[in-house]
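Written below as structure tokens is the structure these notes are about.
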Amino acid sequence: MSTLSIRAVEKWYGALHVLRGVDLDVEKSQTVCIIGPSGSGKSTLLRCTNLLVAPDGGEILLDGVRVNSPSIRPEWVRQQIGMVFQSFHLFTHLTALRNVTLGLVRVKKLDRTAAEAKALQELERVGLGAKLHAYPAQLSGGQQQRVAIARALAMDPKILLFDEPTSALDPEYIREVLDVMAQLAKDGMTMVVVSHEMSFAREVADRIVFFDQGQVVEQGTPEEIFDRPGHDRTKAFVGKILR
Amino acid sequence: MGATVLRSPAVGIGAGVAISVLLFFALGELGFYSLPFILQYLPTGVGPAEASLELTTLSFLIGFGLALPLGVIRAYPPRIVRKHPNVPHRAADSLPKKLLAWPLYGFATAYVAVIRGTPFLVQVFLVYYAVIFAYPRLMLFGLSAPFWAGLLALTINTTGYQAEALRGGFQSVEGSQIEAARAIGMTKFQTFWSVTFPQGIRLVTLPLTNEWISNFKTSAILSYIAFAELFFWSRTYIAYQLARPIEAFVMIAIFYLVINVTLSRVVCYVEARRRIPGLGTQIMPGPHRV
Amino acid sequence: MAAPSIHPGGTPAPVTMRPASRWTRAAVLARALRVGIGVAATLAGYGFIVWLGTVGVYNLAYAKGLVPALWQGFVLSVLIVAVVIPIGFAVGFFVGWARTLRNPIVRGLASVYVDFFRSMPPIVLIAFAFLLGLIALRTTIADPFLLHWIILWLGVLALAFHTAAYQAEIVRAGILSVPSSQSEAAQSLGLTRGQTMLRVVLPQAFRVSLPALGNEFSSVIKDTSLLSVIGWLELSGLALVQIYSGILVYPLAPVVIWLEVAVFYFAITFALNSSVRVLENSFKVPGLEAARL
């Protein structure tokens, strides 16, 4: 049974058909990389997955359980599915440490000492044990994104979604974030990554999904997609980004 | 080097204070008003000043309690008039929620519009006449109609203005912050209390301070329903009874300038010192209100 | 006719570009809805008031009789506003601009002006402008009518100087909100400092300040009610007069009168706010908005 299964998911924004029956499976401990032109609905797909956006049709299955149903609280679902945003979305008014503990205290109802111990552990895991009391604005983009990853990890999610985690970063900070992500993949985290970092996709991803116009066009191993793309649109896109 | 020192705010404030004090004594020596008289009678204004400050602060605090729910209601309008959606895409509201949301939003909007759309002078007379019509010989805790009518009118008024300030603060909290809170599984209620409220309150510290100062200045109008506050003291006691109108003006100016300028400077300084890096917004100065 | 040329001396191709419409259908619909709700609420309120009169909560005929009397005061109020706003804006603009200059003396004087007029309640300024004006001028001006006329207008002037201090702060914030990169860009194109101010900084500052200025103007409208305490027979002054005669006939008269006056004020401020919003919308440029706090 897949950790995450997306079945025929549809989403409309007004007259705009953003997701046109998307199917995707992610196995446990797999890293799936989604690539595709901007505006193709990749972000919306991630937001539908953790129900930040309600899908208009189809099913989201988490360990075989349908979660986009009225009987399941979306808050519970989002606890199980961590998300890392393109522009970090750290809480501006909280220090790095409290950014991580907020969810542990409010959502997981841990007491403060336990939450801080857990947060410390996660922040050290991303290499930020020394920056506990800095506010987001006092951190570099790379550090902010690593705090955001620690915040998501602290909730012990079944799966972690990354929405273009490096595209808002200055070039010198991209490496440190990708390294953290690669380590997570090695540790057996289940991840869905929307990204155009080709080196990362090639080295870390178990599977590449090419997404265009609200649909999965083609998927396969990195070699299949990058070296022998089967579909014309994939060919055109891969040609553009690899040049 | 010298120029940067000259441009520092402390020097500016120091110079301002020095010039004001100098001007005050110089004009007195030149015979525009009597310095000894002012220094002798200034202490008689402390009681009225306390009355002004107490009424202002009391109404401000009650008003804050009332404005908070109003501000929240105004910040999150029901679907069709939602102008600044913090969260871009929301599931549709359930029917009972809709039925409740519309009247609440309508009431809050109408309240704010009416309070901000009419002069305080009109509001205070309306309240005062209504109070003395209903209770001609009102006396509660040893305080009579002018106090109660004044408190009521001031509270009603500041509630409307504070509600609007709070609405602005809550709406200025970026949508990404709310999205992040929702993404770690927080409910709407938790998101509000852990993220929107603390950030929004910080954003409106200065507007709320301005609102307190406005409230303080507005309380001068209560002089005309015979509430014994600063303006009443200066107008009836110093200007008419003691027949010293020029001194009366200088004395009331001293009270208002010292209290208001000091407060706004101190709050600005403290706010700047304690500001969380990265959490701030460009704020347009608010209008004065009456 | 040759093809349009971009070379110097050639005729540039006429480029007609309509700015992207600010009146999208959704915006028009939302606006229409808001106006509709406003009108419906007004009618409902009016109906409620009339109904209260007919069931005897107050004297409907008396309330109706007040309208023409109050209308004269309303007209005078609008007239006073039309005097106060231009003076206030003219003074406020220069004071606010002075607050952004480098010269410490000019800046200091402007700051003292702003601090003083912002700290004083307008009613205190008006009452003392009247009183001190009377004391200062009573020996020099013999004609009592002229004297009275002058000191009444001194009260109006006090109001103008008060709002000027607030407008100065708005103008200053507007000017400071324009990033220095804009001036740098303008000056690197060879614009003089005056041109930079006039063509680049002020147009941006104006757009950013417009909502705040609109709010300030509606404050001025409400402020004019304070002139009644020195004897202006504008809207509130006439209300005070009506109360003296009304209260003998009918004990609830003050409440009815002040309610009616409130409706008049609300009508002017509402009209002003709506027109400022329309103005704002027609000057709107994406990326140039102030936080509305």
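Predicted model, so just to flag it, every value in this text is computed and none were measured. Labels below follow one simple rule: chain letters A, B, ... track the order of the sequence lines, proteins then strands, and each chain is numbered from 1.
There is no contact between C/V112 and chain B, counting heavy-atom distances below 4.5 Å. Contact of C/F116 with chain B is made through backbone and side chain together, with heavy-atom distances under 4.5 Å. Using a 4.5 Å cut-off between heavy atoms, C/T224 does not touch chain B at all. There is no contact between C/S218 and chain B, counting heavy-atom distances below 4.5 Å. For B/A110, no part lies near chain C; criterion is any non-hydrogen pair under 4.5 Å. For a residue to count as touching a neighbouring chain, one of its non-hydrogen atoms must lie under 4.5 Å from one of that chain's; by this rule C/L176 does not touch chain B.
In terms of heavy atoms, C/S236 sits closest to B/V122 at OG-CG2, 4.2 Å. The two residues C/F128 and B/P245 come nearest to each other via the heavy atoms CE2-O, 3.5 Å. Of all the heavy atoms in C/V124 and B/A220, the pair that sits closest is CG2-CB, 4.3 Å.
Note that the CG atom of B/L121 and the NZ atom of C/K222 stand 12.5 Å from one another [nearest 0.5 Å]. The CG atom of C/L259 lies 4.5 Å from the CG atom of B/L126; values are rounded to the nearest 0.5 Å. Distance check: B/F249 CZ to C/I135 CD1 gives 12.0 Å after rounding to the nearest 0.5 Å. We find the CD1-OG distance between B/I259 and C/S119 to be 10.0 Å, quoted to the nearest 0.5 Å.
No side-chain heavy atom of C/D115 sits less than 4.5 Å from a side-chain heavy atom of B/L257. In this structure, C/I257 and B/F125 have side chains that are not in contact, with every pair of non-hydrogen atoms separated by 4.5 Å or more. A heavy-atom distance below 4.5 Å is found between the side chains of C/L131 and B/Y240.
Counting only distance, with no hydrogens or angles, the side chain of B/K217 and the backbone of C/I123 share no donor-acceptor pair below 3.5 Å.
Heavy-atom neighbours of chain B within the stretch residues 262-274 of chain C, taken at a separation under 4.5 angstrom, comprise C/A262, C/Y265, C/F266, C/T269.
Environment of CD1 in C/I105: sparse, with no more than 12 heavy atoms of neighbouring residues, nucleotides or ligands closer than 6.0 Å.
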